[in-house]
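Below: one structure, written as structure tokens.
Protein chains get the first letters and strands the later ones, always in sequence-line order, with residue 1 at the start of each.
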Number of protein chains: 2
Amino acid sequence: MIENDIFKALADPTRRAIFEKLANGRLNASALRDGMDISQPAMSQHLAVLCQAHLVRQERQGRFVNYEVDPDGLAHIAGWLAKYRAYWPARIDALKTLLKDMDQ
Amino acid sequence: MIENDIFKALADPTRRAIFEKLANGRLNASALRDGMDISQPAMSQHLAVLCQAHLVRQERQGRFVNYEVDPDGLAHIAGWLAKYRAYWPARIDALKTLLKDMDQ
DNA sequence: GCAATACATAAGTGTGTGCTTATGTATTGC
DNA sequence: GCAATACATAAGCACACACTTATGTATTGC
């Protein structure tokens, strides 16, 4: 079940940090490690988990493997969230502010 | 960190099932167990995790404790998701619906 | 071909997680 | 008060998870 893979992948703070980095642009595995205090195998394993959850996708470029955000996983979360839109109105004001802030 | 609690809470399929049940209306712990093949303590523990993540909130009513979806947790996920809006266009169809729902 | 670089995989280890059984606490109705 | 009901907490256990070190695989430049 993809939903399970997604939430399990995001349950780890290190993986969320990796994902956040990739949200600023594609990077290879080594570049991702910069300033992260994480071993090379650990990074490789985390990226594998993110890939399996379709949160990240890879593309080999010669000796390097570039990673980037896969919209597929995000869309799945959005879809999951949409199921509970009945409960959003109670917080819609905060969300609208948040979305407006994101726009700037 | 609340974000961590939220994703960890949702990383378990049983807890997502409980959450889904509560999305259809408030229920007490016993009613939640119906048709779920889960022990009473297990249910209690799952509910505690969901409460700590602000995905669910409780309200004692005499001998019963009613549980219901807490919009707070959902709003947090929506906020997290909003950070990656740049990657949504690739899936614009599903997401336009989502944003429109948010606006209402 | 061969050394160097970039990354993946294997195997082992400590810790966290979800379950169980047993027991504790709170509220109700008599 | 006391039995019954509804739920929470404690303790223990099997398993999953995130890490480590060691090794394997792929690509580059000479």
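- Of the candidate nucleotides dT21(C), dA6(C), dA18(D), dA6(C) has the atom nearest to the side chain of R63(A).
- For K8(B), counting side-chain heavy atoms from C-beta on, the closest listed nucleotide (dA22(D), dT17(C), dA18(D)) is dT17(C).
- Across all strands shown, R15(B) has heavy atoms under 4.0 Å from sugar-phosphate atoms exclusively, and none from any base.
- With distances taken from any side-chain atom of P41(B) to the nucleotides dT20(C), dC19(D), dT20(D), the minimum falls on dT20(C).
- The distance between atom CD of E59(A) and atom C1' of dA6(C), rounded to the nearest whole Å, is 16 Å.
- Between I38(B) atom CD1 and dG18(C) atom P the separation is 11 Å, expressed in whole Å.
- When the C1' atom of dA26(D) is taken as reference, atom CD of Q61(A) falls 15 Å away, rounded to whole Å.
- Remark: E3(B) CD is packed, more than 12 non-hydrogen atoms of other residues, nucleotides or ligands lying under 6.0 Å away.
- Position along DNA chain C of the nearest nucleotide to Q45(A) versus V65(A) favours V65(A) as the more 5'-ward residue.
- Environment of CG in D37(A): sparse, with no more than 12 heavy atoms of neighbouring residues, nucleotides or ligands closer than 6.0 Å.
- Partner assigned to dG24(C) is dC7(D), using Watson-Crick or G-U wobble distances below 3.5 angstrom.
- In terms of hydrophobic clustering, with Ile, Leu, Val, Met, Phe, Trp and Tyr side chains grouped at heavy-atom distances under 4.5 Å, V49(B) and V69(B) are assigned to different clusters.
- For the OP1/OP2 pair of dT20(D) and a distance below 4.0 Å, the side-chain nitrogens and oxygens of S39(A) include at least one atom meeting the criterion.
- N4(B) has its CG atom 13 Å from the C1' atom of dA18(D), to the nearest Å.
- In this model, no side-chain donor or acceptor of Q40(A) finds a partner on the base of dA6(C) within 3.5 Å.
- Pair assignment for dA18(D) gives dT13(C), based on Watson-Crick or G-U wobble hydrogen-bonding distances that are each under 3.5 Å.
- Under 4.0 angstrom from either OP1 or OP2 of dA8(C) there lies at least one side-chain N or O belonging to Q58(A).
- The CG-P distance, from D37(A) to dA18(D), rounds to 17 Å in whole Å.
- Counting only heavy atoms from C-beta on, S44(A) has its side chain closest to dA8(C) among dC19(D), dA8(C), dA22(C).
- Summary of the strand contacts: A31(B) and A42(A) both lie near DNA chain D, and taking for each the nucleotide with the nearest heavy atom, the more 5' one is attributed to A31(B).
- Pair assignment for dC30(C) gives dG1(D), based on Watson-Crick or G-U wobble hydrogen-bonding distances that are each under 3.5 Å.
- Paired with P71(B) under the rule side chain to side chain contact (heavy atoms under 4.5 Å, CB included), one option of H76(B), R57(B), H54(B) passes, and it is R57(B).
- Residue I18(A) contributes atom CD1, which lies 11 Å from atom P of dA18(D) at whole-angstrom precision.
- For R60(B), counting side-chain heavy atoms from C-beta on, the closest listed nucleotide (dA26(C), dC19(C), dC19(D)) is dA26(C).
- In this structure, M36(A) atom CE and dA18(D) atom C1' are separated by 13 Å, rounded to whole Å.
- Within the 4.0 Å cut-off from OP1 or OP2 of dA6(C), not a single side-chain nitrogen or oxygen of Y67(A) is found.
- We find that CZ of F64(A) is positioned 13 Å from C1' of dA26(D), with the value rounded to whole Å.
- Ring geometry for F19(B) versus W80(A): interplanar angle under 30°, hence parallel rather than tilted (30 to 60°).
- Put simply, F64(B) and L27(B) are part of two different groups of oily side chains (I, L, V, M, F, W, Y) that touch within less than 4.5 Å, one to the next.
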